[in-house]
Amino acid sequence: MSIYDSLNKEQKSAVMQTEGPVLILAGAGSGKTRVITHRIAWLIDECGVNPWNILAITFTNKAAGEMRERVDKLVGFGSESIWVSTFHSMCARILRRYIDRIGYDTSFAIYDTDDQKTVIKDILKKLGVDPKEMAPRAVLSAISSAKNELVTPLRYREDTARDYRERVIAEAYDEYQRTLRSNNALDFDDLLMLTVELFNADEEVLHYYQDRFKYIMVDEYQDTNTAQFELIRLLAGKYRNLCVVGDDDQSIYKFRGANIRNILDFEKLYPDAFVVRLEQNYRSTQNVLSAANAVIKNNTKRKSKTLRTDLGEGSLIHFRAFQTAPEEAAFIAQDIERCMRKDRKLSYKDFAVLYRTNAQSRLLEEKLIMESVPYNVVGGTNFYERREIRDMLAYLKTVCNAVDDLAVRRIINVPRRGIGATTIGRMTDFAAQQSMNLFDAMCDELCLAGIGRASVKVKEFTDLILEFREFAKTASVQNLIRHVVEKTNYEEELRASEEEDAEDRIANIDELISKAASYEESRELSEEGATLSGFLEEVALIADIDDVEEGDDRVLLMTLHSAKGLEFPHVYMAGMEDGLFPSRMSIDDADDDAVEEERRLAYVGITRAKEELTLTYAMSRMMRGDVHYSGISRFVLEIPQELLDEKPVALSGRRDDSMRLDFDDLPDSDDFSDRGYRSRGRGGHGSQGYGSQGYDSKSYGGEGYGSAGYHGLSSYGAGAPRTDRRPKAVYVPPHTKEERKPFIAKQATSLQKGMPAAGTKPDYVEGDRVRHIKYGEGTVLKIEENPRDYKVTVMFDEAGQKIMYAAFARLEKV
DNA sequence: AAGCTATCCATCTGC
DNA sequence: TGGATAGCTT
């Protein structure tokens with residue numbers, strides 16, 4: 001009895017066809033990961049392939065981790081030398097070694113979306129483009145598409161720049177790329193594009209990797225974009241042992257450049273490809289599959305296949321309609337509790353609630369809190385997007401890559417050290433003139449001479465960084481972070497700021513330190529070992545889904561996109577409304593491909609369910625400030641009625657009554673208004689202790705980061721008294737506006753402010769001509785003495801009459 | 001310099 | 001709705 005006996009006929013043929021191009025069309029739940037892992041085992045054990053020569057590419061780190069784990073179990077030893085990684089981290093790894101051959105430095109930084117936005121905004125400003133007529137977002141997305149299609153700025157200009165808009169984009173793209181290069185930074189798309197560029201530019205490097213990766217496997221092939229396609233094509237160019245696995249019905253990343261043609265045309269590129277279809281599903285009941293099949297068959301462009309299962313008919317698909325979204329959310333929360341009570345074998349982690357947009361999570365969170373259901377939200381606000389984390393990372397980046405102006409700017413005055421916008425502006429100008437980077441300018445005597453008193457502060461800052469850099473040479477990453485926190489007085493400043501969540505933020509920094517520690521631990525045995533740039537890279541490339549703690553007994557809330565590749569006994573799909581899902585945009589799109597993509601997303605959602613699938617619909621829902629009414633999603637209507645336990649008809653609403661829905665008719669409608677929330681004390685089950693504090697979703701909601709996994713939540717059963725549900729952790733969920741509030745170092749500020757300004761008498765009198773930095777010249781009409789300052793009224797020649805305070809206006813006598 | 005307010009505005013999905 | 005920002009006030 002061998003490990004391969006457990007495979008079905010098709011799976012076996014896919015495993016054993018080791019040579020040449022192979023296309024595995026793997027329907028949802030058809031055991032494709034099993035096929036890949038067994039194929040790797042087969043290559044090593046039966047074909048004598050060196051594990052070193054095998055490359056397996058997945059889309060997320062989580063998938064990579066799981067795959068490696070499973071391979072470890074199948075393969076005796078040597079599995080650690082198999083490359084299992086995502087496209088992005090594979091490219092980062094290759095570039096860390098060889099990018100100097102195409103003119104970057106190997107200590108490059110990786111920019112995330114926020115960094116990109118900062119850069120592009122700057123550029124648009126420089127180009128004199130009004131952000132109103134051309135959104136930075138849109139420009140970035142055009143640049144991203146270009147990169148995904150391997151179009152360089154030069155070619156973009158030549159081929160694309162026809163109208164004004166495209167010319168601006170061409171200009172911005174070029175400038176953007178220059179900026180990144182001078183900051184020695186790459187964005188996500190660069191990782192792919194520059195690796196292709198490297199391979200094309202340097203035969204030696206290409207041959208090295210072609211020879212290294214004699215056997216290549218790519219998971220989720222339907223979601224590859226042109227750059228990824230080209231990368232793979234180049235890598236497999238010599239041995240042609242390329243096995244791709246995918247499901248065209250699950251292609252859901254078109255907006256990110258994924259080209260479904262990559263999978264549909266695989267056989268055209270490789271006419272000798274061996275093609276296998278896996279249609280036997282091992283995950284879901286027949287009813288779930290029938291629903292999925294019924295929906296997806298409405299798509300025209302697909303390699304048709306029909307899933308089948310031996311797991312029995314199963315329950316009907318549940319459909320529930322509600323008048324309002326809060327009712328929908330309340331139902332889901334209560335239904336989870338109901339199932340938990342009914343079936344003691346279930347635990348919270350057996351449930352997932354899926355939705356189209358992240359914004360939908362809030363309402364669900366509220367209701368889950370009310371029902372005392374522990375949950376985790378995947379995505380939304382990322383741990384690494386927190387201000388304190390970004391600050392720390394900016395310090396690390398500055399230490400690691402001195403030329404990254406963006407990182408330097410972020411921390412130059414955080415915590416407050418009296419280096420203001422004016423000083424930074426002057427130094428930036430100097431740097432631009434001398435075409436040097438900001439940090440070097442700050443170290444330059446000539447530059448310091450030009451900024452007066454502030455130069456002392458700047459010197460202190462650069463000395464601090466230089467000291468960190470020295471420290472980093474011998475210290476571990478975790479100790480470096482500790483050192484930075486200590487030397488910058490970050491914690492004290494935070495506490496002094498009187499910010500409400502200062503302690504949470506400090507806890508987050510501790511969390512970052514432990515992430516650094518576990519990174520270092522994981523690299524102990526690896527080739528390159530732990531490095532600062534390695535840590536920054538890992539941090540930059542994690543996806544939301546990667547951070548979900550295994551073994552955490554919580555209901556998972558996430559977008560349909562995040563759910564790809566996962567499975568749950570109970571799945572809820574919330575917000576099944578035309579206009580939300582499929583989205584308005586896709587419906588209005590002239591191209592019906594748009595709705596087809598949404599349909600694939602629906603297919604992905606449905607096929608996540610193993611046993612119970614519940615689709616919910618809310619007739620009305622608050623969206624961006626006002627109430628929206630929608631009909632039932634076409635995807636629900638595409639499911640044959642006999643598969644549903646309830647007819648998909650909207651509750652009788654009174655549309656003409658606008659907002660005044662009649663709540664008294666409804667059994668569970670008391671939680672629509674604010675009043676309703678509070679009066680809910682009578683509530684269902686296990687909510688004791690929650691009435692008053694429970695509503696503070698801030699301190700409860702998305703906390704589940706890291707440490708939250710260890711709060712012993714996994715042990716209690718439904719109905720048990722739950723008193724201490726409030727985790728110690730730390731991660732303050734998305735909803736806070738506190739988030740971006742600047743660092744208010746109250747004490748420091750008042751100290752600095754205390755002395756100056758107030759008493760200084762201006763050197764001009766009424767009737768004098770004065771000059772203002774912004775308004776130009778004018779005549780002083782009136783000067784009044786205030787307790788704190790002098791109030792000056794000036795009639796400017798251009799700008800008209802202004803009242804200002806002498807200390808701030810800094811008027812010069814002409 | 002920096003907080004505060006008033007106003008605008010855009011909305012999906014994510015490595 | 002709430003986040004981002006420009007402009008005004010202190």
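Values in this document were obtained by computation on a predicted structure and should not be read as measured data.
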Check: With rounding to whole Å, what would you report as the distance between B:dT13 and C:dA4 at their P atoms?
Finding: 15 Å
Margin query: So if I define the base as every atom that isn't primed, P, OP1 or OP2, how would nucleotides 8-15 of chain B read as a B/S/- string at a heavy-atom cutoff under 4.0 Å?
Written below: -S-BBBBB
Note to self: For a quick test of reading the model: is some side-chain N or O of A:R416 closer than 4.0 Å to OP1 or OP2 of B:dA2?
What the structure shows: yes
Margin query: What is the distance, to the nearest angstrom, from the CZ atom on A:R417 to the P atom on B:dA1?
Written below: 16 Å
Next item on the list: For the side chain of A:M622, starting at C-beta, report the closest nucleotide among C:dT1, C:dG2, C:dA4.
Entry: C:dT1
Check: Does A:F229 have any ring pair (Phe, Tyr, Trp, His ring centres under 6.0 Å) partners at least two apart in sequence or in another chain, and if so, which?
Finding: none
Margin query: Restricting to salt bridge (charged side-chain N to carboxylate O under 4.0 Å, His left out), what partner residues turn up for A:R256, sequence neighbours left out?
Written below: none
Check: Salt-bridged, A:R600 to A:E597, with N to O below 4.0 Å?
Finding: yes
Margin query: Rounded to whole Å, please give me the gap between NZ in A:K117 and C1' in C:dA4.
Written below: 9 Å
Next item on the list: For A:K254, report the nucleic acid contact type (base, sugar-phosphate, nothing); a contact means any heavy atom under 4.0 Å.
Entry: nothing
Item checked: Listed partners of A:R390 passing salt bridge (charged side-chain N to carboxylate O under 4.0 Å, His left out), at least two apart -> A:D112, A:D114, A:D115
Check: Among all residues two or more places apart in sequence or in another chain, which pass the salt bridge (charged side-chain N to carboxylate O under 4.0 Å, His left out) test with A:R634?
Finding: A:D578
Margin query: Applying salt bridge (charged side-chain N to carboxylate O under 4.0 Å, His left out), can you list everything that pairs with A:D429, at least two apart in sequence or on another chain?
Written below: none
